[in-house]
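Worksheet: the structure to be examined is printed underneath.
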Amino acid sequence: GPILATDNGNPSYYNGYWMSLDSNVLDCSFGDGGWHGGGERRSGRVYSEFIQNEWYHITCVVNGANDFMFYLDGVEQTTNYDDAGTGGAVNFTSDPMKLGHHNADSPGTSARYDQCFTGDLDNVTIWHRALDATEILALQDGGLPDDLTALVALWDFDNTTDGIILDGSGLGHNGLL
């Protein structure tokens, strides 16, 4: 299911970023705002056996259309670009990012459905720059890299008030639970 999504779920269009995890596939994608069909999105995937009720530290670094890097528990994984699409630059909408939830449409129909992540999320961070392997290991060990200037948001799920999760970056990207 979805880990995060900035895609607005606009019927038959790919927008923003989305990341999902299923039993053996970790996927990160972005859309350029075009119509469904593969050419309007870019995707990278990692195939691995994910064991239910196990915690994993997952990192995806997107450097460009053909340059996704995945780290699983601090170890870089081989990225698969089969069925990756050929989309260009990412297209953002004004819709908020969603953790563990993605509204989507069923291609070729007017059907809409909600996708929800089955499991727990913790210590989610968003950055404006690519982190290197040392910084990713620091995150995995519960710390933060020394350079926080590119930190956009940090949700550790420890700071919640009245159904609001507080953004630990200090930038005010609080969320609703």
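Numbers here are sequence positions counted from 1. Values below: every heavy atom of this structure, side chains too, minus hydrogens, waters and symmetry copies.
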- Query: Parallel, tilted or perpendicular: which describes the rings of Phe50 and Tyr56, with under 30° parallel and over 60° perpendicular?
  - Reply: perpendicular

- Query: With no hydrogens and no angle check, is any side-chain donor or acceptor of Thr79 less than 3.5 Å from a backbone partner on Phe68?
  - Reply: yes

- Would you check if there is a donor-acceptor pair between the side chains of Ser20 and Trp18 at a distance under 3.5 Å? no

- Does Asp82 offer a backbone N or O that forms a donor-acceptor pair with the side chain of Arg45 under 3.5 Å? yes

- What closest approach, in Å, do Val62 and Cys28 show between heavy atoms, and which atom pair accounts for it? CG2-SG, 4.0 Å

- Donor-acceptor pair, Ser43 side chain versus Ser29 backbone, under 3.5 Å? no

- Query: With distance as the sole test, does Asp147 use its side chain to make a donor-acceptor pair with the main-chain N or O of Thr149 at under 3.5 Å?
  - Reply: yes

- Under 3.5 Å: donor-acceptor pair, side chain of Gln140, backbone of His57: no

- Message: Can you confirm whether Asp22 is buried at CG, in the sense that more than 12 heavy atoms of other residues, nucleotides or ligands lie under 6.0 Å from that atom?
- Response: yes

- Looking only at non-hydrogen atoms, find the nearest pair between Phe157 and Asn123 and report the distance. CD1-N, 4.0 Å

- Item | Neighbour count above 12 (heavy atom, 6.0 Å) for Gln52 CD | no

- How far apart are the closest heavy atoms of Asp167 and His173, and which atoms are they? OD2-N, 2.9 Å

